[in-house]
Peer 1: 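I'd like to ask some things about the structure below.
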Amino acid sequence: MLLRSIGLSLALYKMSNWISLAETGSRNSVNFEFPASLQHWKNRLPAQVFNWPRIPLSVAASLGSSRTATVAAPTPRGEAKAPPPHDIPVPAGVSVSQDEPIALSKELGGLSSRSISSSSDDEVVTDGSFQKETVGGEGVSLKQSWWRKKRQFNPLRWGPVPPVPAQMSVSKETDAGFLSRLTFAWVGPLMRVGYSRPLESADIPLVAPNRSSAVITDKLQASFNRRKSQGDQYPLLWSLNEVFFREFWLGGLCRILADCLLITAPFVLKYLIRFSVEAYTASKRGTPGPPIGRGIGLAFGLTLMQMFGSLFSNQFMYHGMIVGGQARAGLIGLIFSKSLRISGRARAGGTSSRNNTSDAEATTEQKKRDKKDKKGKKGEGAGWSNGRVVNLMGTDSYRVDQAASWFHLLWTSAFQIILTLILLLVNISYSALAGFALLILGVPVLSWVVKVLAARRRAMNQVTDKRVSLTQEIFLGVRFVKFFGWEKSFLQRLESLRNKEIGAIRFLLGVRVGINAVGMSLPVFASMLAFITYSLTDNRLDPASIFSSLALFNALRLPLNLLPVVIAQTIDAWVSIQRMQEYLLAEEIKDEIVIEDNPNYAIEVSNADFTWERVQAEERHDLDKTKGELKEEKRQRKQEKRDEAARERDGEPEAGDTSTTATAEKPFSLKDINLHVGHQELIAIVGSVGSGKSSLLAALAGDMRKTSGNIKRGPRVAYCPQYAWIQNAPVRENIIFGREFEEEWYADVVDACALQQDLDMLPHGDQTEIGERGITISGGQKQRLNIARAIYFDADIVLMDDPLSAVDAHVGRHLFDKAICGLLKDKCRVLATHQLHVINKVDRVVWMEAGRIEAVGTFNELMETNAEFARMMGEIATESKEAEKKPLTDDEIEEAAAEKPKGNNFGEKGNGLQAKALMQAEERAVESVSWNVYKAYIKASGSYLVAPGVLFLLVLAQSCNIITTLWLSWWISDRFGLSRGTYIGIFAALGVAQSLLMFAFSFALTIAGTRSSKVLMHEAMQSTLRAPMSFFDTTPIGRIVNRFSKDVDVMDNNLTDAMRMYFFTLGIISSVFILIIVYFHYFAIALVPLAIGFIFAASYYRASAREVKRHESVLRSVVFAKFGEALTGTACIRAYGLQDRFIVEVQKAIDGMDSAYFITFANQRWLSLRLDVIGNLLVFTTAILVVTSRFSVNPSIAGVVLSYILQIVMMLQWMIRQLAEVENAMNATERIHFYGNSLPSEAELHKGAIRPSWPEHGEITMRNVEMRYRDGLPLVLKGLSMHVNGGERIGIVGRTGAGKSSIMSGLFRIVELSAGSIEIDGVDISKIGLHDLRSKLAIIPQDPTLFRGTVRSNLDPFEKHTDEELWGALRQANLIEDAPADGAVASGRITLDGVVEEEGMNFSLGQRQLMALARALVRGNRIIVCDEATSSVDIETDRKIQRAIAKGFKGRTLLCIAHRLRTIIKYDRVCVMDAGKIAEMDTPLVLFDNGGIFRSMCDRSKIKREDFFTTGGDSEEE
C-alpha cells in the first residue's frame, strides 16, 4: 500500500512536470504526449486524479494516444491570408472536427502557451490589452501564462471553465426570491463565470421584460401626451415620476430607514463609551466596574444596527440606479421616436406660430406662453441639428440617469440633519445649536453657488454641443478634409472650442471642489464650535457625550459632502430635462396629405404652396463676445422690450412672430402647384438646377410644409431621394428594407437594376456588409440600390429624384427600360431628371422654373406649344440622339466603383481576407486598465511629479484630520496640562489647516485632471484625423463620435470627482487603521483575515464588473451608431412609413446596452453588501476590544477610535465604489488613449523643404506606379507610367474597376504606392509632407461635401481670400449672375453669409457640385483633379461647368475622370484605363482614328469625327 502511494505521488509529480514542459513548447503548438513511463499509472489511477485545475476531465481522462486536429489561429490585422493551420496533437477521445476549431479551444481550457481562439474575422486578439468584440460570443480568448498560473493556486478557479452559452438568457432577478433579491445572491452565478473566464456577450442576461425599452417608452409617451394635453408646465418630469413612482419612492423609503439606523448608532455609542468610562474609573479607584455583559450586548446591538442600515442603504442605491437606467432607456426611445416626427420648421429652429392657430383664435394665455417659450429658447442655439439631438440622447439622458441614483439624498439629508440635531441636543444640550448655526449659515452660500453652477452648466452645454457637432461633421466629411489638407485647420477650430469648454469645466469643477471643501469642513467647524461653546459654558468634557457627538457630526459629513454633488447632478439633470422637454414639445409634422385608399388619381395637388424652413444664422455665444458687444446687445434687448410693450399697448401684431428671427434668410418655396397624376402614369419633372424639382418630390413625400391648398394621394409610397441613404447593413437588407424576402421578386429587382454584376464582385454577394452611409460603394451603386429598394417595396407610388444622374448613359437606359418602364410599369411614377434624353418616352412632362410649374403636357405638346421649352430641348438635341438602345458591354464609361479608395475593401472573390462584416468590431480591453494608461494620464497633466505632489497634499490633510481628533482626546484627558484657551486655540488652528489642505488637494487634482483631459483628447483627435481612410471606411462614424462625446464627457466631468473621493476615503481609512493599531495592537490580528476577505471580494467583483462595463461601452456604441444612422435617414424612413421598424431596432440596441448596464448595478450592490459585512465585523472587533481593554485604555482614546470606526463601514464601500468609478472612468480614458496612440497613421504632414513657388508648371510624371489598397489585396495600378505636361488637360476614361480613381488616390497619397514614383515639377511626392502636397492640389469630388456654417466659410474656411475673390469664384461657377455692390441678397438665394446646413442639405446636389467647383476656383492651384464632377447635374449645367473649368483653370494642369464622354473630346489628351494599366493614351482625334477602346466608346455615344471640330456648347475653348 505504501509503495503504491509513493508510486502515485511520483506519477503525479512527473505528470505535473510533463504539463509544465508541455507549456514551454513551441509557440504555435500545444503538444500532449503521455510519457510511456506513466501509461501503467494512467490506467490504474482513479479518474478524479485527472481533474486538474487547468485541464478539463474530458481531456485529462483520455490522454492515452494522440491524433492531430487542425486549429485555425487568429488572423493578424493587416495580413492577407491566415497563416497555415497548426498541427496540434489532440488526445484520443476528444472529438474535434476539422471545421470546429472553437470547440477545441474550449476543450484545451488553458494549456496553450498562447491564446487559442476562433479564427473568425470578427475576433482579433492583439498584442496589447485590447481584443475585438466577439460577434455572437463564439470562442473564449484565454489569458496569458500568468493567468493560468494564478488559476493553479486558486481553488475557486479549479474545475472546468464554464462553457459560453449559445444564446442570452433572461435575467435571474425576475424569478429570484425575497432573500436572494435582498442580498443580491441572484447575481452570484454570473460572477462565478466572470471569475473563471472573461465574460462574453452571450453571458450577459437579457433585460427583464417589464424593464425593456419598448415597455418604458410606451408608458412614458402615453403619460407625456396626456400631461401635455392637460397643459402641465413640466410634462416630462411628472411623466418620469408617474412611470417609475413605485420603484423610485421605495428606494426613498429604504433611504429613510437606513438613515434612522445609521444616525441612532452613534447615540448607542454614547452608552458604550460610558460603559468604558465607568470601568476605567472603577479600575483606578479599585471598585468593581459594570458587568462585561452590558458592554458585549451594546457591541452586538451597535453591529446589528449597522448591518440592517447597510441592507436598506444598498436597496436604496440599487432601486435608484435601476430607475435611472430605465429612465435613460425611455428617454432615448422618446427622443428617437420624436426625431422621426419633428417638423422641418422646428428642426430649423423656428417656432410654430401658436401651433398653427391664427391670431384671432389664440387666447391671451396662449400668447403669454408663446412669449415665455421664446424667452426660454433664446440663446439655446439655432434649431435641432443632428449633433444636438445626438447630444440629447448621449449626454442629457445620462445626466438624468445619474441624478436619479442619488436624488433622494436631497430630502433625506434634511431629515438626517434634523434627527442629528435632536440627538446632539440630548448629548451636549444647547451648545449643539452653536455648531448647527454654522451649518445653517452655509446653506444660503450653497444655494447662491448652485445658481452660478446652473448658469455655467447651460453655457458649457452649448459649447459642448458645438464641439460635438463640429466633430461629427469633420468625421462625416473626413475624406474631403484629407483631400484639401485641412486637418490642422479644423483641429485649430476644434481646439478653440475645446479651450472654451475646458475653461468652463475648470470653473464648474473648481466651484464644485470649493463646495466640497466647505461640505467636508462644515462638520469639523460645527463640532469645534459646539465643543468650545460646551467647554466655555463651564461644562465638564465627558468622553461619552463628546465622542458620541463627534460621531454624530462625522455622520453628517457624508450627507453634507454628497449633498453638493447631488445638487449639482440634479441641476444638470434639470437643465437636461428642460432641453429634452423643449425638443419633445417641438412642433411635429402634421399629416397634411390626405391619404385615400382608392383615389381617382394616384396624386392630386390643387392650388398648393409648400415651403422649406428658414435657417437661423448661427448665434455666437456670450463666451465668444467682447464686453462692448455684450453691452450693445443688452441695450438692444432693452429697446426691443420697450418696442414690444408699445406694440402691445397699441394692439399691433408681434414682430417676428412667423418662424424665426430677422437674421434668417428667406427659404425656398413652391407656389401654385396644380398636378394630377394617374395610377399607371410616368411623368418626368424637368428644369434647371435650383428650379425646385427635388422640392416638388419632397412635398409629395410629405417632407416639405404645405402652407396652402390641398394634396391627396394613395397610401403606399416609395421614395428615392437625390442623396441615397444607405444603411450599414448587408446589401440584401438595404434592398428588402424590412419586408419579407421573396426570392423570385428579389431576383427580378436585382436584374432590373443591373446589380447582379456588382453582387458577383462582392466577397459575400448580397450578404456583404456595406460601409456606413454607403461609404464603400460608388455613387452609381448607391443610386441603383436606392431604386432597387423602391421597386422591391412594391408601393403604389414611386417618387424618384434624379436616380439616373450617377450612372452612365447605358446603365441609365437599362434602368429606365427594365426598372422604371419595366417592373414599375403598373405603378404611378414621378421622375425628376437631368437626363432630358429620356423624356420623350414618358407619358407627360412637368417643366419647372423658380419653384413654379411652367407647363405640363406630353413631350410633343410642349415642343409644339412652348417656345422656351423647345429652345431648352434644342440645346441638348445631340444628347437626345443617344436614346437608341445598346447592349451593355465592359468598355462603357461608368462611375468609378471597385477601385475607389472607398471601395478598397471589396477585392476579388476568394482571396482569403474579405470578411462578411466590413465594419471592424470595436476593440475591447480584456484586462484591468493598463498602467500605461494611468502613466499617460499623469504625464498629460504636465509632469510625472504632479501625482506625488497632489498625494502629498492629501497626506498632510489626513494627518491634520487625525491630529485634530487626537487633540480633542488629549484636551479631554488634559494630557499636556495646558490652559483651556491654549487647547481651544490649537484645536481651531488644526481645523482650519485641515480644511485649507483638503481644498488645496481637491483643486490641484481638478486642475491636473482637466489638463490631462484636454491633452489626451487633443492627441486622440489629432491621431484620428491623421488615420488613413481605410480606418474610416471600416469604423462607424457613430462609434468615433461616441468616443469624442460620451467618453470625453466622462473624462472631463466624472473622473477627477471619482479620483478625489477615492483618495479621500482611502486616506481616512488608512489613517484610522493606523490610529486603532497604535492603541489596540490586537486589532492588527483581526485586520489581516478581514483585509484578505476584503481584497478577495473586491478582486472577485472586479473580474466580472470590468468585463460587463466594457461590454456596456461597446453596446453603447451600437446605440449611438444605430441612432445616428437613422437620424440621417429620417426623410427616407418617413416616406416609406417604416418609423415603427426603426424604433424597434433602436429599442433592441438600447435593451442590449441596458442588459450590461443593469448588471453593473447588481454587481456593485453584491460587493457593497459583502464589504459592509466586513466593515461591520471591524466595528464589532473594535467594540469588543474596547470592552476587553476597558481597564487599560483611556476612555477618551476609546472614544476617538469608536467615533472613527463607525465611519469605516460607509467609507469602505464608498472607497470600492469610487475605485470602480475611477476604473470605469479610466475605461473611457483608455478608449480615448487608444485612439490617441494606437491608430495607424498617414505619413508626416511636413517633411523636407520645398520651394514656396512649387509647383510652377504642374508637370506630372508617373514611373512604373504600382498600388494596392491593403497588403494582400491585388494591385489596382500595375506598372503605370504617364507624363503630363504643365497646363495640359487630360481626360481619363475606362470601365468600372479600371483604376481611374486609383490614379487620384495615388496622386493625393490617400493610398501610398507599392512601387514606382510620382513626381510633380521634378519633386518626388513621396519625399514631401502630406500637407505640403495636398495643399498644392485641388479636387472637385463626385460627392460634394459642404460643412455647416456659411457659404463664405465653405469656400474659404480659413479666411485667406477677399470677398471679391469669393464673389468672382461664385460667378465663374454660375452660382450667381453678378456680384452685388453691397453683398445683399440681390443675387437670388446664394450670398456669402448665407447659411449652409449640416452636409449642405439646404442646397440641391447640383448647387453643392457648383459650390465644390467654386471652392477649387478659390484655391487657385496649378493642378486640378475632377472626379466625375458633373455626374449630378443636368446637361445644361454640365456645359456651364465645362465652360467654367475651361476658363477658370486655363493654363493649369487638369486631370478629369469623365462621366460624359462628350465633355472630354476637346481635351489635349485622353487616357484610356483598363485593368490598372494604360490601354491607350493620345489626343482624342488620334485615338478615334486608330480604332480601339476609345473609338468603340465614341461609337456607342454616337460621337462622330466632325464632333471633334465643332466649337459650341460644352467643349468650347475660351
Side-chain angles (χ1 to χ4, degrees), residues 480 483-484 688-689 805 834 875-876 879 893 895-896 1255 1257-1258 1260 1284-1293 1300-1301 1303-1304 1307-1308 1336-1345 1354-1355 1365-1377 1390 1405-1471 1483-1484 1503 1507-1508 1510-1518:
F480 198 81
F483 275 136
F484 272 66
S688 58
V689 168
S805 65
H834 291 134
E875 282 182 4
I876 46 91
E879 291 292 335
I893 297 184
E895 70 288 341
H1257 309 293
I1260 303 170
V1284 180
N1285 295 313
E1288 196 174 13
R1289 297 191 301 164
I1290 304 288
I1292 302 173
V1293 297
K1300 303 187 297 295
S1301 291
I1303 294 175
M1304 177 189 73
L1307 189 62
F1308 278 86
K1336 301 293 184 180
L1337 307 175
I1339 184 169
I1340 308 170
Q1342 184 180 8
D1343 292 335
T1345 300
N1354 271 279
L1355 292 181
E1365 289 175 293
L1366 301 184
W1367 280 117
L1370 288 175
R1371 205 180 318 109
Q1372 273 185 292
N1374 291 291
L1375 275 163
I1376 59 169
E1377 296 305 318
I1390 310 281
L1405 202 52
Q1407 285 171 314
R1408 277 180 266 164
Q1409 193 69 70
L1410 292 170
M1411 201 88 81
L1413 171 62
R1415 183 155 38 194
L1417 286 163
V1418 167
R1419 275 170 78 93
N1421 296 119
R1422 295 293 317 169
I1423 297 172
I1424 293 93
V1425 178
C1426 293
D1427 179 17
E1428 314 254 10
T1430 58
S1431 63
S1432 306
V1433 295
D1434 59 57
I1435 304 298
E1436 191 178 353
T1437 309
D1438 185 1
R1439 185 181 297 109
K1440 286 180 181 177
I1441 288 178
Q1442 294 306 325
R1443 272 206 299 270
I1445 286 173
K1447 186 179 179 183
F1449 301 136
K1450 191 171 185 180
R1452 299 171 193 275
T1453 306
L1454 178 68
L1455 301 181
C1456 181
I1457 296 169
H1459 178 71
R1460 295 188 174 97
L1461 195 59
R1462 197 169 288 276
T1463 61
I1464 58 152
I1465 60 173
K1466 291 298 182 61
Y1467 277 29
D1468 299 321
R1469 284 191 291 162
V1470 170
C1471 168
T1483 63
I1503 294 173
D1507 292 331
F1508 289 82
T1510 55
T1511 55
D1514 53 332
S1515 50
E1516 185 175 41
E1517 293 275 4
E1518 306 251 351

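Position 1 is the first residue of the sequence; numbering continues from there.
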Peer 1: How close do F1308 and F483 get, counting heavy atoms only, and between which atoms?
Peer 2: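 Result for this residue pair: CE2-O, 3.4 Å.
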
Peer 1: Could you tell me whether the side chain of I1457 reaches within less than 4.5 Å of the side chain of S1301, counting heavy atoms only?
Peer 2: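 Contact flag for S1301/I1457 side chains = yes.
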
Peer 1: With sequence neighbours left out, write down each residue that passes salt bridge (Lys or Arg N to Asp or Glu O under 4.0 Å) with R1469, or none if nothing qualifies.
Peer 2: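 R1469 satisfies salt bridge (Lys or Arg N to Asp or Glu O under 4.0 Å) with E1288 once adjacent residues are dropped.
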
Peer 1: Sequence neighbours left out, what passes side-chain hydrogen bond (donor to acceptor under 3.5 Å, both in side chains) with R1419? Give chain and number order.
Peer 2: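 Per chain and number, R1419 pairs via side-chain hydrogen bond (donor to acceptor under 3.5 Å, both in side chains) with N1421.
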
Peer 1: CD1/I1424 to CG/L1455 distance, rounded to the nearest 0.5 angstrom?
Peer 2: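 Interatomic distance, I1424 CD1 to L1455 CG, rounded to 0.5 Å: 9.0 Å.
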
Peer 1: From the options L1307, L1337, I1292, select the one residue that forms a side chain to side chain contact (heavy atoms under 4.5 Å, CB included) with V1425.
Peer 2: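 Per the side chain to side chain contact (heavy atoms under 4.5 Å, CB included) rule, the option paired with V1425 is L1307, out of L1307, L1337, I1292.
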
Peer 1: Rounded to the nearest 0.5 Å, how far apart are SG of C1456 and CD1 of I1340?
Peer 2: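 One finds 8.0 Å between SG of C1456 and CD1 of I1340.
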
Peer 1: Of the non-hydrogen atoms in R1415 and L1355, which two are nearest, and what is the gap between them?
Peer 2: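 Here R1415 and L1355 meet closest at N-CD2, 3.8 Å.
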
Peer 1: Judged by atom type as modelled, is there a donor-acceptor pair below 3.5 Å linking the side chain of D1468 to the main-chain atoms of R1289?
Peer 2: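 A pair under 3.5 Å: yes.
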
Peer 1: Donor-acceptor check, side chain of Q1372 to backbone of W1367, threshold 3.5 angstrom: yes or no?
Peer 2: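 Such a contact is absent between Q1372 side chain and W1367 backbone.
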
Peer 1: Please report the interatomic distance NE2(H1257) to OG1(T1453), rounded to the nearest 0.5 Å.
Peer 2: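 It is 10.0 Å, given to the nearest 0.5 Å.
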
Peer 1: A side-chain contact here means heavy atoms from C-beta on lying under 4.5 Å apart; do I1290 and Y1467 qualify?
Peer 2: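 SC-SC contact between I1290 and Y1467 ruled out.
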
Peer 1: What's the shortest heavy-atom distance between Q1409 and P1341, and which atoms?
Peer 2: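 The answer is NE2-O, 3.0 Å.
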
Peer 1: CD1 of I1260 to CZ of R1422: how many Å apart, nearest 0.5 Å?
Peer 2: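 If we round to the nearest 0.5 Å, I1260:CD1 and R1422:CZ are 11.5 Å apart.
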
Peer 1: Once rounded to the nearest 0.5 Å, what's the spacing between atom OG1 of T1345 and atom CE of M1411?
Peer 2: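 CE of M1411 is found 12.5 Å from OG1 of T1345.
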
Peer 1: Using 0.5 Å steps for rounding, measure from the CG atom of L1417 to the CG atom of L1366.
Peer 2: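 If we round to the nearest 0.5 Å, L1417:CG and L1366:CG are 11.5 Å apart.
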
